[in-house]
Number of protein chains: 2
Amino acid sequence: MKELSKSEVKREALIKATISLVINNGFHATSMSKIAKTAGISPGTIYLYYENKQDLINKVYLHVKENFTTYVFKGYHESVPVEKGFKIIWHQIADFRLKFVEEALFLSHCDNTPIIDEESRKEGIKHIQPLLALWEKGQELGIIKKACPYILYAYTVYPMAFLTNAQQRDEYHLTEENRALAYQMSWDSIKINTNK
Amino acid sequence: MKELSKSEVKREALIKATISLVINNGFHATSMSKIAKTAGISPGTIYLYYENKQDLINKVYLHVKENFTTYVFKGYHESVPVEKGFKIIWHQIADFRLKFVEEALFLSHCDNTPIIDEESRKEGIKHIQPLLALWEKGQELGIIKKACPYILYAYTVYPMAFLTNAQQRDEYHLTEENRALAYQMSWDSIKINTNK
DNA sequence: AGTAAATAAATGAACGTTCATTCATTTATT
DNA sequence: AATAAATGAATGAACGTTCATTTATTTACT
């Protein structure tokens, strides 16, 4: 196990506190004092590591996005067949969302509200590049519908956010069965129907 | 044309201002003074019609949701066949989102952030009842996959929000062709494949 | 190894600003 | 003349941020 220094522990607590408070109350309703108190540090300490509140949210966003990307492309390589590759990535996204619920909600929140600077949002989008490349390959091979990445994303990755959000609110439970069904629907929506 | 009294005009301006400012800056970053100024009224006047800021956002949300529902179920009746009914509703949702861009963004924003009171959010969900009934009928007839409403919604209605948001940010253009494609993907994901 | 000096990290009270809300007053309508 | 609608300056609470001060860690020297 990697040993974390005391300040690294506090740093992690700060990030966790930011994520948790922002998803539950929204960015502007979350005060720096509340973040500090939740993290067990002083408000002033935050300003040793982050320029201001906006800088804090931008950096936390990119940090979480990086963790996300590392997780979902783990073990994936361009060489695997398109359908298999898609299945691996899709399921790892689902795993991430279920394992790191708050982090996942935080990413949805940032991607769907104007709290993140445009620059940081664009930076975050670049991270899913391997998935875009996979789709392109699939399209060249006639396996995947010739839709632009936005449409493909809207029907495969985006719906998961909705389901996890609902689960978070206890309105719905994402069982193994539901998960398999959701994957099938993702795939059905983007694959080319070979039989009439 | 229906004539609106002067105060009704101001009332509409207030709602429009709230919607526009909230989707562009977020709820908590939008001050009552700014809303008032944008609507061309005094901050105090808002309190004649709404108890407080929270009451304002809740009521505006339900107001827009009602407009949305009226629009998307216009001309639809339970008696039409499942596939046709779905097509009508889906396309009217798309029409609404393209015609009333800010209202649609506002609804997504409220549905995906914690700014609306839980009570009002639950109230808003009830409005899509006819669509849920249509799905149920489709499932009984063996036309639509036996997935819970959350999953069906995630793969048909929810993706549209993503596409309209992207269009709003000028990252993507929802042409007629893209729209037809998106509809096909919605349908492909929820229909039962009759041929192996 | 032990201690003092130097540096770094962390604190939290204080500051100026902004906000939601109020209400005495003005303007419009009946 | 009486009532209703609208105003906007005033208020106090809460905010992000600062910085003089305290606490912890590292370095230098014996």
Side-chain angles (χ1 to χ4, degrees), chain A residues 2-61 63 106 109-110 113-117 120, chain B residues 3-61 63 106 109-110 113-117 119-120:
Chain A
K2 209 201 284 168
E3 286 284 322
L4 289 177
S5 76
K6 206 149 68 179
S7 80
E8 280 171 319
V9 169
K10 297 245 158 171
R11 199 75 180 273
E12 270 303 315
L14 174 57
I15 292 171
K16 263 227 138 53
T18 305
I19 292 169
S20 181
L21 288 167
V22 166
I23 61 174
N24 288 306
N25 310 307
F27 176 55
H28 291 285
T30 300
S31 70
M32 293 297 263
S33 318
K34 215 181 280 172
I35 295 173
K37 190 178 257 181
T38 307
I41 60 175
S42 157
T45 309
I46 302 177
Y47 291 85
L48 296 176
Y49 301 109
Y50 303 96
E51 279 178 50
N52 47 44
K53 200 184 177 188
Q54 187 64 53
D55 185 49
L56 168 67
I57 193 91
N58 287 341
K59 294 216 169 110
V60 169
Y61 170 74
H63 174 83
F106 181 74
H109 190 93
C110 291
T113 59
I115 65 177
I116 294 292
D117 281 349
S120 296
Chain B
E3 286 285 322
L4 289 177
S5 76
K6 207 149 66 176
S7 80
E8 280 172 319
V9 169
K10 297 245 158 173
R11 200 76 181 270
E12 270 304 314
L14 174 57
I15 292 171
K16 263 229 137 53
T18 306
I19 292 169
S20 180
L21 288 167
V22 166
I23 61 173
N24 288 306
N25 310 307
F27 176 55
H28 291 287
T30 300
S31 71
M32 293 296 264
S33 318
K34 214 181 281 174
I35 294 174
K37 190 180 256 180
T38 306
I41 60 174
S42 156
T45 308
I46 301 177
Y47 291 85
L48 296 176
Y49 302 108
Y50 302 96
E51 278 178 50
N52 48 43
K53 200 184 175 187
Q54 186 64 55
D55 185 49
L56 168 66
I57 193 91
N58 287 341
K59 292 212 170 116
V60 169
Y61 169 74
H63 174 83
F106 181 74
H109 190 92
C110 293
T113 58
I115 64 177
I116 295 291
D117 280 350
E119 202 189 335
S120 296

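So that the names make sense, note that chain A is the first sequence line, chain B the second, and so on, each numbered from 1.
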Contact letters for nucleotides 11-19 of chain D, in which S counts primed atoms plus P, OP1 and OP2 and B counts the base, heavy atoms under 4.0 Å: ----SSBB-
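Residues passing the side chain to side chain contact (heavy atoms under 4.5 Å, CB included) test with A:Lys59, sequence neighbours excluded: A:Tyr50, A:Asp55. Taking the side chain to side chain contact (heavy atoms under 4.5 Å, CB included) definition, one finds that A:Ala17 meets it with A:Ile35, A:Thr38, A:Ala39, sequence neighbours left out. Listed by chain and number, the residues in a side chain to side chain contact (heavy atoms under 4.5 Å, CB included) with A:Ser33 are A:Ser31 (sequence neighbours excluded). Remark: B:Thr113 engages A:His109, A:Thr113, B:His109, B:Ile115 in a side chain to side chain contact (heavy atoms under 4.5 Å, CB included) (not counting sequence neighbours).
With a cut-off of 3.5 Å on both pairing distances, the Watson-Crick and G-U wobble pairs of DNA chain C assemble into stems of 3 or more at C:1-30 with D:1-30.
For the pair B:Leu48 CG and D:dA4 P, the computed distance is 13 Å after rounding to whole Å. Atom pair A:Lys10:NZ and D:dA24:P shows a separation of 11 Å (rounding to whole Å applied). Look at CG on B:Leu14: it is 15 Å from C1' on D:dA5, rounded to the nearest Å. If you take OH of B:Tyr49 and P of C:dT21, they are 18 Å apart, rounded to a whole angstrom. Taking atom CD1 on A:Ile41 and atom C1' on D:dA24, their separation rounds to 16 Å, with Å as the unit. The NZ-C1' distance, from B:Lys37 to D:dA6, rounds to 18 Å in whole Å.
Screening residues 13-22 of chain B for salt bridge (charged side-chain N to carboxylate O under 4.0 Å, His left out) gives B:Lys16-B:Glu103 as the qualifying pairs, with residues at least two apart or on separate chains. Residue pairs meeting the salt bridge (charged side-chain N to carboxylate O under 4.0 Å, His left out) criterion with at least one member in residues 37-54 of chain A: none, sequence neighbours excluded.
Panel note: side chain A:Asn52, backbone A:Gln54; a donor-acceptor pair is recorded below 3.5 Å. Listed for the A:Asn58 side chain is a donor-acceptor partner under 3.5 Å among the backbone atoms of A:Asp117.
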